[in-house]
Q: 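The structure that follows is given in the form of structure tokens.
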Amino acid sequence: MNMKIGAKTVGQNSPVFIIAEGCDNHLGNPETAREMCRQAKLAGADAIKFQHHLADEEMLPDVPMSSNFNMPLYEFLKKYALTLDQHRELMSYCREIGIQYLCTPFSYKAAEEMVSIGLEVIKIGSGEMTDVPSLVRMAVTFRKPMIVSTGMSRFEEIDRTYHALKATSIPLALLNCVSEYPPVYDDINLRVILTMIERYPQSVIGHSDHTPDLYTSFAAVTLGAKIIEKHVIL
């Protein structure tokens, strides 16, 4: 199975596609985000990925506070999320320097906004993987390739999403993922990648890695992962 991400073919007999996951590590500073794009390019990544949050579309204001943040997530996103205009400027800059711009929208409206400014591939995070109606609506409406992370999901849940999206005939990639930050090595069951390759033959299979080093990403590639997504900071 192959798919196109921008100008590059990803999948069988193609080089591994490397995504530098910038998420919200820019803390709302567009100059920091711009420098992250430049450094990702210099490091050899194929793509830099950020996130598009519309807090009122994806959560309630009184969402429980996570231990990973020093403020409620709703307030964090209101304060630090990139605006659509900032995404547009970063996308243009990435075209100039020759790196693919990717983005994870966390709601249908966020996806709609990103596609309106030229987003070519939609990345879906693990937390939204089981929202099949929204994913199918995105696939049917936007007709864009989709990369879907599968952390926290059972195979039965991945099966449901896989079959629903393949029925739309869009190019699809599924990423193995352990949703711990950072994960305990004992929890990194990389042989799941072998099962996914066999179980989802009409999808490109990759690995989204949250460990603090690179070893599990190397191992994932030896097992057949064709996309590696790795969190980055400056």
Side-chain angles (χ1 to χ4, degrees), residues 16-29 32-33 35-37 39-40 43 45-55 57-82 102-107 110 122-131 135 146-155 157-158 161 173-193 195-196 205-221 223 225 227-234:
V16 175
F17 191 86
I18 306 296
I19 301 172
E21 163 62 298
C23 51
D24 292 310
N25 293 338
H26 47 71
L27 295 180
N29 186 327
T32 299
E35 181 64 10
M36 291 173 72
C37 296
Q39 292 295 338
D46 297 289
I48 178 80
K49 187 178 78 64
F50 295 110
Q51 300 175 355
H52 187 37
H53 291 280
L54 302 173
E57 293 288 325
E58 61 186 82
M59 68 181 67
L60 297 172
D62 58 352
V63 64
M65 186 165 165
S66 168
S67 61
N68 292 330
F69 295 90
N70 59 7
M71 67 178 73
L73 182 57
Y74 179 87
E75 294 180 17
F76 178 91
L77 296 178
K78 283 284 192 178
K79 184 175 182 179
Y80 294 125
L82 293 171
L102 298 179
C103 184
T104 299
F106 281 81
S107 62
I122 298 173
K123 168 67 199 299
I124 301 298
S126 295
E128 287 66 51
M129 196 217 71
T130 56
D131 185 4
L135 299 189
M146 296 179 77
I147 304 171
V148 182
S149 283
T150 61
M152 303 176 288
S153 296
R154 300 187 303 272
F155 274 119
E157 294 171 315
I158 303 172
T161 297
L174 295 173
L175 304 188
N176 173 57
C177 180
V178 175
S179 295
E180 297 177 15
Y181 300 86
V184 177
Y185 285 110
D186 290 351
D187 293 341
I188 305 293
N189 182 10
L190 287 177
R191 288 187 183 275
V192 169
I193 292 170
T195 302
M196 292 178 70
I205 302 300
H207 178 65
S208 179
D209 194 297
H210 297 147
T211 63
D213 48 47
L214 299 175
Y215 306 117
T216 50
S217 292
F218 299 153
V221 171
L223 292 171
I227 298 173
I228 293 292
E229 179 181 274
K230 190 74 177 176
H231 282 250
V232 296
I233 57 174
L234 292 180

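Residue numbers count from 1 along this sequence.
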Q: Do Thr150 side-chain atoms and Ser153 backbone N/O form a donor-acceptor pair below 3.5 Å?
A: no

Q: Which atoms form the tightest heavy-atom contact between Ala40 and Ile48, and what is the distance?
A: CB-CD1, 4.0 Å

Q: With side-chain contact (heavy atoms from CB on, under 4.5 Å) as the criterion, how do Lys230 and Thr211 come out once you've worked through the C-alpha distance, each side chain's angles and the decisive distance to 0.1 Å?
A: CA-CA 9 Å; Lys230 190 74 177 176; Thr211 63; 3.1 Å; yes

Q: Hey, what do you get for CG (Asn25) to CE (Met36), rounding to the nearest 0.5 Å?
A: 5.0 Å

Q: Do the side chain of Lys49 and the main chain of His231 share a donor and acceptor less than 3.5 angstrom apart?
A: no

Q: Output yes when a side-chain donor or acceptor of Asp46 lies under 3.5 Å from a complementary backbone atom of Ile18, and no otherwise.
A: yes

Q: Of the non-hydrogen atoms in Cys23 and Phe50, which two are nearest, and what is the gap between them?
A: O-CD2, 3.4 Å

Q: Any donor and acceptor pair, going by atom type alone, linking the side chain of Glu35 with main-chain N or O of Thr32 inside 3.5 Å?
A: no

Q: Any donor and acceptor pair, going by atom type alone, linking the side chain of Thr161 with main-chain N or O of Met129 inside 3.5 Å?
A: yes

Q: Just do the side-chain contact (heavy atoms from CB on, under 4.5 Å) check on Leu77 and Met59 with the steps written out, would you?
A: CA-CA 10 Å; Leu77 296 178; Met59 68 181 67; 3.5 Å; yes

Q: Can you tell me if His210 uses its side chain to pair, donor with acceptor, with the backbone of Val178 under 3.5 Å?
A: yes

Q: Just wondering, do Val192 and Phe155 contact through their side chains at under 4.5 Å, heavy atoms?
A: yes

Q: Please walk me through it: do Thr130 and Met152 pass side-chain contact (heavy atoms from CB on, under 4.5 Å)?
A: CA-CA 10 Å; Thr130 56; Met152 303 176 288; over 6 Å; no

Q: Once rounded to the nearest 0.5 Å, what's the spacing between atom OG1 of Thr195 and atom CD1 of Ile158?
A: 10.0 Å

Q: If we check side chain to side chain donor-acceptor pair (under 3.5 Å) with Ser208, which of these qualifies: Lys123, Glu21, Glu229?
A: Glu229

Q: Identify the two heavy atoms, one from Gly151 and one from Ser126, that lie closest to each other, and give their separation to 0.1 Å.
A: N-OG, 2.8 Å

Q: Looking only at heavy atoms, what is the nearest atom pair of Met196 and Leu175, with distance?
A: CE-C, 4.2 Å

Q: Drop me the distance from Ile124's CD1 to Thr104's OG1, to the nearest 0.5 angstrom.
A: 7.0 Å

Q: Which label fits Phe106 and His53: parallel for a plane angle under 30°, tilted from 30 to 60°, or perpendicular past 60°?
A: parallel

Q: Kindly compute the distance separating OG (Ser149) from CD (Glu128), expressed to the nearest 0.5 Å.
A: 10.0 Å

Q: Nearest 0.5 Å, what's the CG-CD1 distance between Leu174 and Ile227?
A: 9.5 Å

Q: Starting at OH of Tyr215, measure out to CG of Asp209 and round the result to the nearest 0.5 Å.
A: 12.5 Å

Q: Verify side-chain contact (heavy atoms from CB on, under 4.5 Å) between Leu60 and Tyr74, making sure each step is shown before the conclusion.
A: CA-CA 7 Å; Leu60 297 172; Tyr74 179 87; over 6 Å; no

Q: Quick one: closest heavy-atom pair of Ile193 and Ala225, and the distance?
A: CG2-N, 4.2 Å

Q: Which pair of heavy atoms, one from Leu190 and one from Ala219, lies closest together, and at what distance?
A: CD1-CB, 3.5 Å

